[in-house]
Amino acid sequence: MARGKKIYEGKAKVLYEGPEPGTIVQYFKDDATAFNAEKKDVIDGKGVLNNRLSEYFMVGLGQIGVPTHFLKRLNMREQLVRNCEIIPLEVIVRNFAAGSMSKRMGIEEGTQLPRPIVEYSYKDDSLGDPLVPEEYIAAFGWASQQDMDDIVSIALRVNDFLSGVMYGVGIKLIDFKIEIGRVYEGDFQRLVVADEISPDSCRLWDIESGQKLDKDVFRQDLGNLTDAYTEVARRLGVLPKSAPVSKPTLIN
């Protein structure tokens with residue numbers, strides 16, 4: 001499928017004009033970044049794994065009625081998605097304390113929270129993606145109160161789905177972040193889960209050993225990132241158990 005001109009290149013993906021109006025081709029790179037891109041590397045096979053894993057999660061969400069921008073996977077590194085207006089927020093759902101929350105609140109990593117907590121951060125790398133309250137979001141016009149209510153509802157449904165899927169393969173969903181986009185249908189707008197869902201955007205710990213299977217492996221120099229992502233893909237049945245780690249083999 002032919003793709004058009006490049007629209008945007010980010011830290012982990014490149015976006016191209018799609019073959020039909022209202023579509024975009026999303027290409028997954030092997031680049032890995034952390035600490036607002038202060039730490040960088042190229043991890044062989046990472047883009048292939050994230051493309052396939054994001055497809056797996058987006059299709060699963062669609063099957064339970066959660067709208068997403070995903071249309072179909074095109075090949076090992078590309079997928080076709082709906083063009084949508086991205087709300088400039090990262091929506092973070094936390095089930096256990098980790099990362100910045102542990103530092104801010106002085107809570108030991110791995111402590112289960114009383115209930116899932118939804119946070120917003122403003123998408124701006126130069127500012128460090130600062131946390132923002134709903135008052136800021138409404139005041140600056142990034143989203144209405146109704147939008148925020150709908151976003152929280154979507155985020156918690158995604159959390160229920162991901163938590164259940166991961167628990168079933170022996171993985172604890174510590175936290176994750178998603179982006180939300182607006183798709184316009186005539187005079188009406190619909191909010192959809194956009195961007196990607198992958199180990200790049202989740203914290204995933206093995207339930208028994210506590211081994212980290214997400215981008216913290218790269219952040220904290222805990223081992224080979226491709227090995228960690230491949231383990232997640234194997235447990236979910238995305239890759240055959242006999243697949244070599246260095247060159248992931250996809251199931252079509």
Side-chain angles (χ1 to χ4, degrees), residues 1-18 24-58 69-70 72-81 86 90 92 98-100 121 123-129 171 174-179 194-206 211-236 238-252:
M1 180 177 290
R3 66 190 185 197
K5 67 179 182 181
K6 183 165 73 173
I7 301 170
Y8 171 79
E9 181 167 1
K11 291 178 287 189
K13 291 181 295 297
V14 185
L15 303 182
Y16 299 91
E17 290 180 344
I24 286 177
V25 174
Q26 185 166 260
Y27 175 92
F28 287 76
K29 297 160 52 175
D30 281 343
D31 297 38
T33 63
F35 312 118
N36 285 323
E38 291 180 11
K39 182 176 183 179
K40 302 177 184 178
D41 202 352
V42 176
I43 311 296
D44 185 39
K46 172 179 169 289
V48 173
L49 288 161
N50 280 350
N51 181 29
R52 188 60 181 88
L53 284 164
S54 191
E55 175 200 17
Y56 177 88
F57 295 129
M58 293 290 188
H69 75 161
F70 180 82
K72 63 180 179 180
R73 177 167 60 86
L74 300 175
N75 51 50
M76 292 180 71
R77 290 186 179 274
E78 295 178 331
Q79 53 185 236
L80 188 68
V81 300
I86 298 293
E90 291 181 345
I92 305 160
S100 62
S121 69
K123 280 175 54 64
D124 188 322
D125 286 343
S126 67
L127 300 175
D129 298 330
I171 296 174
I174 302 299
D175 58 36
F176 67 92
K177 62 183 179 183
I178 55 174
E179 294 186 17
D195 193 44
E196 70 175 291
I197 300 176
S198 74
D200 268 10
S201 57
C202 304
R203 278 194 173 91
L204 307 170
W205 295 3
D206 180 80
Q211 178 186 4
K212 295 181 179 181
L213 300 170
D214 54 70
K215 201 163 76 168
D216 276 349
V217 172
F218 173 70
R219 292 187 186 99
Q220 301 171 14
D221 297 316
L222 299 177
N224 185 288
L225 192 65
T226 304
D227 288 356
Y229 287 19
T230 298
E231 177 63 20
V232 175
R234 283 177 172 164
R235 292 195 194 187
L236 292 170
V238 171
L239 299 182
K241 293 183 179 179
S242 60
V245 171
S246 59
K247 295 182 179 180
T249 301
L250 298 184
I251 298 174
N252 291 315

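Both backbone and side-chain heavy atoms feed into the values below; hydrogens, waters and symmetry mates do not. Keep in mind the model is a prediction, meaning the values are calculated, not measured.
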side-chain contact (heavy atoms from CB on, under 4.5 Å) involving [X] - partner list, sequence neighbours excluded:
X	value
Ala32	Ile43, Lys46, Phe218, Leu225
Ala233	Leu49, Leu53, Val238, Leu239
Asp31	Lys29, Val42

>> I need the single residue from Asn224, Asp200, Asp214 that forms a side-chain hydrogen bond (donor to acceptor under 3.5 Å, both in side chains) with Tyr229. Which is it?
In response: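 Exactly one option meets the side-chain hydrogen bond (donor to acceptor under 3.5 Å, both in side chains) with Tyr229, and it is Asp200.
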
Less than 4.5 Å apart, any side-chain heavy atom of [X] and any of [Y]?
X	Y	result
Leu213	Pro199	no
Lys212	Ile174	no
Leu80	Val25	yes
Asp206	Arg235	yes
Asp221	Lys39	yes
Asp30	Arg77	yes
Glu231	Gln211	no

>> Lys177: which residues meet the salt bridge (Lys or Arg N to Asp or Glu O under 4.0 Å) condition with it, sequence neighbours left out?
In response: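 Lys177 satisfies salt bridge (Lys or Arg N to Asp or Glu O under 4.0 Å) with Glu90 only.
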
>> Please enumerate all residues that pass salt bridge (Lys or Arg N to Asp or Glu O under 4.0 Å) together with Asp216, with sequence neighbours excluded.
In response: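 Counting only residues at least two positions away or on another chain, Asp216 forms a salt bridge (Lys or Arg N to Asp or Glu O under 4.0 Å) with Arg203, Arg219.
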
>> Applying side chain to side chain contact (heavy atoms under 4.5 Å, CB included) to Asp195 and Ile178, what does each step give before you reach the verdict?
In response: CA-CA 7 Å; Asp195 193 44; Ile178 55 174; over 6 Å; no

How long is the gap from [atom1] on [X] to [atom2] on [Y], to the nearest 0.5 Å?
X	Y	atom1	atom2	value
Met58	Ser198	CE	OG	9.0 Å
Ser201	Ile92	OG	CD1	11.0 Å
Leu15	Tyr27	CG	OH	13.0 Å
Lys11	Asp125	NZ	CG	3.5 Å
Tyr8	Ile86	OH	CD1	10.5 Å
His69	Glu196	NE2	CD	8.5 Å

>> Tell me which one of Glu78, Arg52, Gln79, Met76 satisfies side chain to side chain contact (heavy atoms under 4.5 Å, CB included) with Phe28.
In response: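 Only one option passes, and that is Gln79.
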
> Is there a donor-acceptor pair under 3.5 Å between the side chain of Glu17 and the backbone N or O of Ile7?
Replying inline: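 Not a single qualifying donor-acceptor pair exists.
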
> With Asp124, which residues qualify under side-chain hydrogen bond (donor to acceptor under 3.5 Å, both in side chains), at least two apart?
Replying inline: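 Result, side-chain hydrogen bond (donor to acceptor under 3.5 Å, both in side chains) vs Asp124: Ser126.
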
>> Using the rule given for side chain to side chain contact (heavy atoms under 4.5 Å, CB included), can you reason through Asn51 versus Gln26, listing the C-alpha separation, both sets of side-chain angles and the distance that settles it, and then say yes or no?
In response: CA-CA 9 Å; Asn51 181 29; Gln26 185 166 260; over 6 Å; no

